[in-house]
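Scroll down for the structure; my scribbles are underneath it.
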There are 2 protein chains.
Amino acid sequence: MKQELERIDDEHAVEIFKALSNQTRVNIIQMLKDHDSNFSAQAHVIKDEGFEGGVCVSDIQSKTGISQSTTSQYLSILLQSGLVEMKRIGQWTYYRRNEKTIKQFEKYIGMNI
Amino acid sequence: MKQELERIDDEHAVEIFKALSNQTRVNIIQMLKDHDSNFSAQAHVIKDEGFEGGVCVSDIQSKTGISQSTTSQYLSILLQSGLVEMKRIGQWTYYRRNEKTIKQFEKYIGMNI
DNA sequence: TCGGTAATTCGCGATATCTATATTTTAATT
DNA sequence: AATTAAAATATAGATATCGCGAATTACCGA
């Protein structure tokens with residue numbers, strides 16, 4: 001995954017635009033924002049383990065309505081772009097938003113678009 | 001072209017992300033921002049005619065380095081998304097940024113991404 | 001009306017994206 | 001070791017994007 005220590009450059013920005021140029025992937029980013037209301041109670045939401053806000057693939061999949069494999073691929077596209085980060089714990093892979101990148105991206109838009 | 005009277009919805013946002021998911025198109029948006037330094041003097045920059053900041057296709061084309069037909073297509077994608085607006089004057093078609101949409105887009109990012 | 005220049009549209013092959021099913025990998029459980 | 005569940009990867013056909021050259025349209029000036 002993209003390690004955006006500094007600011008986002010044009011190439012990285014285009015990669016993010018690509019990642020967001022699909023309605024389902026935008027939905028995923030949005031539902032991860034409200035993970036509490038979207039994945040409460042029974043879902044495999046990480047509360048401890050140092051990965052707050054993380055949601056596992058199958059829970060995301062059941063929300064999107066698309067297949068498991070597509071969900072997995074879409075998550076890896078989002079991961080590649082840096083918009084989300086992931087952590088594998090046991091047999092689950094948890095994804096959550098990477099607010100740092102998202103903030104940098106916002107800043108990029110304001111300054112470069 | 002998209003007439004964004006109100007705020008941008010998800011569908012429109014995805015269209016804008018698609019428009020920006022290409023380096024050349026991002027370059028065009030950026031060079032139109034600095035139209036003064038990019039297209040000074042000799043260029044067919046509109047100073048009057050009520051379309052300040054407008055640059056014609058051939059001037060944009062010579063800056064991008066891609067073919068004239070591709071430039072034209074890219075501009076129509078940007079127009080469709082609402083990121084730019086255009087005005088035909090005589091045999092020239094002038095394009096300039098649509099700051100209103102861009103501002104709304106920025107706002108969308110901040111609130112919905 | 002006839003050229004000439006600007007711009008759009010058309011047609012195309014190459015490449016990429018979309019999204020699914022099937023398979024494999026990883027890890028937990030019994 | 002066998003079973004089960006989660007997730008990733010492989011494969012594939014349909015569709016979309018990329019970017020070009022060629023053809024077409026639009027508009028000017030002579």
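Order of the sequence lines fixes the chain letters, A, B, ..., with proteins taken first and strands second; residue numbering starts at 1 for each chain.
With hydrogens and angles ignored, the 3.5 Å screen pairs no side-chain donor or acceptor of B:S72 with any backbone N or O of B:S69. With hydrogens and angles ignored, the 3.5 Å screen pairs a side-chain donor or acceptor of B:R25 with a backbone N or O of B:A19.
The distance from atom CG of B:L78 to atom C1' of D:dC18 is 15 Å, rounded to the nearest whole Å. For A:Q61 and C:dT21, the CD to P distance is 11 Å, given to the nearest whole Å. Distance CD (B:E15) to C1' (D:dA16): 15 Å, rounded to an integer number of Å. Between the CG atom of B:D59 and the P atom of C:dA6 there is a distance of 9 Å, rounded to whole Å. Look at CD1 on A:I66: it is 14 Å from C1' on D:dA7, rounded to the nearest Å. Per the geometry, OH belonging to B:Y74 stands 6 Å off C1' belonging to D:dG19, to the nearest Å. Rounded to an integer number of Å, the gap from B:Q68 CD to C:dT9 P is 11 Å. Between the OH atom of B:Y94 and the C1' atom of C:dT5 there is a distance of 13 Å, given to the nearest Å.
Scanning for side-chain hydrogen bond (donor to acceptor under 3.5 Å, both in side chains) contacts around A:Y108 gives A:D10, B:Q30, with sequence neighbours left out. Partners of A:F17 under the ring-ring contact (aromatic ring centres under 6.0 Å, His included) rule, at least two apart in sequence or in another chain, are A:F105. Remark: B:E106 pairs with no residue by the salt bridge (charged side-chain N to carboxylate O under 4.0 Å, His left out) rule, at least two apart or across chains. In this view, B:S62 satisfies the side-chain hydrogen bond (donor to acceptor under 3.5 Å, both in side chains) rule with no residue, not counting sequence neighbours.
Both B:Y95 and A:S67 lie close to DNA chain C; mapped to their nearest nucleotides by heavy-atom distance, the more 5′-ward contact belongs to B:Y95.
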Every protein N/O lying under 3.5 Å from an N/O of nucleotides 26-30 of chain C:
{"unit_1": "C:dA28", "atom_1": "O4'", "unit_2": "A:Q91", "atom_2": "OE1", "d": "3.0"}

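Taken residue by residue, residues 18-34 of chain A places no heavy atom nearer than 4.0 Å to DNA chain D.
Considering only side-chain N and O atoms, A:T71 lies nowhere under 4.0 angstrom from the phosphate OP1 or OP2 of D:dA7. Between A:T70 and C:dT19 there is no side-chain N or O to OP1 or OP2 distance below 4.0 Å. Within the 4.0 Å cut-off from OP1 or OP2 of D:dA8, not a single side-chain nitrogen or oxygen of A:S69 is found.
Within 3.5 Å, a donor on the side chain of B:Q73 pairs with an acceptor on the base of D:dC20, or the reverse.
In this structure, of D:dA8, D:dA10, D:dC20, it is D:dA8 that holds the atom nearest to the side chain of A:M86.
Nearest heavy-atom pair across A:E99 and A:R97 is OE2-NE, 2.7 Å.
Note on B:T93: only backbone sugar-phosphate atoms sit closer than 4.0 angstrom, heavy atoms only; bases stay farther off.
To the nearest 0.5 Å, the span separating CG on B:L75 from CG on B:L83 amounts to 11.5 Å. With values rounded to the nearest 0.5 angstrom, A:I16 atom CD1 is found 4.0 Å from A:I8 atom CD1.
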Chi angles and distances behind the side-chain contact (heavy atoms from CB on, under 4.5 Å) call for A:T64, A:N27 | CA-CA 8 Å; A:T64 57; A:N27 289 346; 5.7 Å; no
